[in-house]
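See structure below.
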Protein chains: 2
Amino acid sequence: MFEPFENYLDHLSIDCVIFGYHNRTLKILVPQLKTESDIWTLPGGFIKEDEDIDQAAKRILAERTGLEDIYLEQFRVFGKANRKNSMVLDAFENSEQDLYFDKQLMDEPIRNWLSGRFISIGYYALVDMDKVVPKRMPIDKKIAWYALEDLPRMIMDHNQQVTKALDVLREQLDSKLLGFNLLPDTFTMKEVQEVYETIHDQKFTRSNFQSKMLSLGVLERLEKKYTGASNRAPYLYRFKK
Amino acid sequence: MFEPFENYLDHLSIDCVIFGYHNRTLKILVPQLKTESDIWTLPGGFIKEDEDIDQAAKRILAERTGLEDIYLEQFRVFGKANRKNSMVLDAFENSEQDLYFDKQLMDEPIRNWLSGRFISIGYYALVDMDKVVPKRMPIDKKIAWYALEDLPRMIMDHNQQVTKALDVLREQLDSKLLGFNLLPDTFTMKEVQEVYETIHDQKFTRSNFQSKMLSLGVLERLEKKYTGASNRAPYLYRFKK
DNA sequence: TTTCTATTGTATAAAAAATATACATTAAAT
DNA sequence: ATTTAATGTATATTTTTTATACAATAGAAA
């Protein structure tokens, strides 16, 4: 399942903050590692010697969560000298679950390698919680979406990473929404507004949101959408090519 | 002068984009390496195993330029798989100058190490070109300030790093100006405006700049400054404690 | 002392952007 | 045809940004 650890760059890791949106709720994807006591970590992993870091982030996300073809954005490097996995590794000594490597193959060199200091490059993504169906089973036995306010205490600085990633997501939403591939091909203005309201955790006035969104100049209006509801049908929009 | 290379983290480097401001001009600090043909590189170096990356950036900057106690801001990671020093190293084979290591000590293992793929964490700073006096001689024989439009072609992606750093600097100027320690303890509004105009490369209306700057709420007004000029004396300001 | 000049502080007007409010439109059920 | 709920759009209000005007003043010159 895994490459031998010699192919990875030492002391370097990538962690992914995956925001999931669906139906006016925003959550974070957190794999839970089952040890003596439960341990939560962001989906993370290591960079191969011959791999772009952006590519590595995509691969890692796929390996740990099954999510593929996700648009990831680099947001911050976390590089304190004392940034170490040691606590996590200790817990794994008394566990039958895999972490980054197959536990059967976890020999002394690998353990040493893992216990060193790691500099982590943080990536974030925003995906549709329901549309994104893992194409392969994630290696982690348990993985779940957590609302921000229910986020478990994760290892190391992972909770801080989420906080920082959310700041950046909010700043970049206007310019990155298209890239996130969050909305369907065509969508109503209401759907866009719900995304914004959820991510910013605040309400916007409908009429003003509409004109602000259109003033960005990235949407084009299509035909109307007749849903069968007994009220005026909304227009559909899509991102300009 | 240098630590043995074994103390550095493999495949990881830091590059610094140092913006220098003085008297309405903005420049970039670029060490020139003297080989058969000239080579320019941003001041860069490597991270020790037991060192915070922020600390490493400060140390590297000091080693390569003599600049100490500079406020550095991380702005981007550059991590293409083909990001290699090889061209630079080749040039150094026919040169008597040091690069990252003392050339006398450049044995085969070090050369191999240096020729690998490097992921670089970009930092930038904004300093007063004239106030900042190197406390120690930089190791590079030649180092100079270049205006953006005169920037030489540097190695690898260093020119792109400057472009990206300038984007981030402009975005962050409002909130980071204090940290840059660019202005003297007390200063006039005109001095602030000159900094802004230079960095953004555009003029601002004086009266509007004044009210915008004050509306940030970070300045406090002190006494007037009598310079001997035959016109109304400006107030002095300083950053609120 | 008075006048003049260059620069600064500040007020105000004009324009633009953001926000609030109102109202007409309409798809489908009744 | 009437009603209802959501939508499109117009307009008013407020706030922010930008432009313009003008008074204040430190020192030089008259």
Side-chain angles (χ1 to χ4, degrees), chain A residues 22-25 170-177 183-240, chain B residues 22-25 170-175 177 182-240:
Chain A
H22 184 72
N23 195 217
R24 304 178 189 231
T25 47
R170 285 175 174 165
E171 275 172 20
Q172 300 187 339
L173 188 56
D174 274 359
S175 57
K176 297 287 162 58
L177 180 58
L183 292 161
D185 278 351
T186 64
F187 44 82
T188 64
M189 195 56 77
K190 186 176 192 176
E191 291 178 281
V192 185
Q193 184 168 352
E194 285 173 357
V195 170
Y196 268 75
E197 290 185 335
T198 306
I199 286 165
H200 287 282
D201 195 26
Q202 58 175 300
K203 289 283 173 194
F204 299 104
T205 306
R206 184 180 55 85
S207 61
N208 296 332
F209 181 83
Q210 175 131 347
S211 46
K212 181 239 159 160
M213 203 62 210
L214 292 177
S215 77
L216 294 179
V218 296
L219 298 185
E220 72 180 310
R221 189 156 92 173
L222 307 172
E223 72 282 9
K224 288 192 170 186
K225 180 190 183 189
Y226 297 91
T227 61
S230 64
N231 52 40
R232 189 170 181 172
Y235 285 103
L236 286 171
Y237 295 87
R238 72 172 167 214
F239 289 101
K240 284 181 187 165
Chain B
H22 183 74
N23 194 217
R24 304 177 188 230
T25 48
R170 285 174 175 166
E171 275 172 18
Q172 299 187 339
L173 189 55
D174 275 358
S175 58
L177 181 59
L182 187 64
L183 292 160
D185 279 351
T186 64
F187 45 82
T188 64
M189 194 55 77
K190 185 176 192 177
E191 290 178 282
V192 185
Q193 185 170 352
E194 286 173 357
V195 169
Y196 268 75
E197 291 185 335
T198 305
I199 287 165
H200 287 282
D201 194 25
Q202 60 176 299
K203 290 282 172 195
F204 299 104
T205 306
R206 183 180 57 87
S207 61
N208 296 333
F209 182 85
Q210 175 130 348
S211 46
K212 180 238 159 162
M213 202 64 210
L214 292 177
S215 78
L216 293 179
V218 296
L219 299 185
E220 72 180 309
R221 188 156 94 172
L222 308 170
E223 73 282 8
K224 287 192 170 186
K225 180 190 184 189
Y226 297 91
T227 61
S230 64
N231 53 40
R232 188 171 181 171
Y235 285 103
L236 287 170
Y237 294 87
R238 71 172 168 212
F239 289 102
K240 283 181 187 167

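A quick note: this is a predicted structure, and the numbers were derived from the prediction, not measured. In what follows, chains carry the letters A, B, and so on, assigned in the order in which the sequence lines appear, proteins first and then strands, with residues in each chain numbered from 1.
The span of DNA chain D lying next to chain B, judged by atoms under 4.0 Å from heavy atoms, is bounded 5' to 3' by D:dT18 to D:dA28.
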For this session: Mind running side chain to side chain contact (heavy atoms under 4.5 Å, CB included) on B:T186 and B:Y235 for me, showing each step along the way?
Result: CA-CA 10 Å; B:T186 64; B:Y235 285 103; over 6 Å; no
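Side-chain contact between A:L183 and A:E191 is present, with heavy atoms from C-beta onward closer than 4.5 Å. For the pair A:R24/A:V195, no side-chain contact is recorded, criterion being any heavy-atom separation below 4.5 Å from C-beta on. In this structure the side chain of A:K190 reaches within 4.5 angstrom of the side chain of A:E194, judged on heavy atoms. Taking the side chain as every heavy atom from C-beta outward, A:F209 and A:V192 approach each other to under 4.5 Å. Two residues are said to be in side-chain contact when any heavy atoms from C-beta on lie closer than 4.5 Å; B:E197 and B:Q202 fail this criterion.
If one axis is set at each end of the helix from C:dT1-D:dA30 to C:dT30-D:dA1 from five pairs, those axes are 30° apart, to 10°.
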Under 3.5 Å, which protein N or O atoms sit close to an N or O of nucleotides 3-6 of chain C? Give each pair with its distance.
from	atom 1	to	atom 2	distance (Å)
C:dT5	O2	B:S230	O	3.2

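Between the OG atom in A:S207 and the CE atom in A:M189 there is a gap of 11.5 Å [rounded to 0.5 Å].
Salt-bridge formation is not detected for the pair A:R170/A:D201: no Lys NZ or Arg NE/NH1/NH2 atom is positioned less than 4.0 Å from an Asp or Glu carboxylate oxygen.
For the pair A:K240 and A:L219, the tightest heavy-atom approach, listed with the atom from each and the gap, is CE-O, 3.5 Å. Taking both residues in full, the closest heavy atoms of B:K212 and B:D174 are given as NZ-OD1, 3.1 Å, listed atom of the first, atom of the second, then distance.
In this structure, A:E223 places its CD atom 16 Å from C1' of C:dA27, rounding to the nearest Å.
By the ring pair (Phe, Tyr, Trp, His ring centres under 6.0 Å) test, A:F187 is found to be paired with A:F239, residues two or more places apart in sequence or in another chain being considered.
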Which atom pairs, one a donor and one an acceptor, fall under 3.5 Å between side chains of residues 220-228 of chain B and the rest of the protein, sequence neighbours left out?
from	atom 1	to	atom 2	distance (Å)
B:E220	OE2	B:R238	NE	3.0
B:T227	OG1	B:A229	N	3.2

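Taking a 4.0 Å limit (strictly below) on heavy-atom distances, residues 190-221 of chain B reaches DNA chain D at B:T205, B:S207, B:N208.
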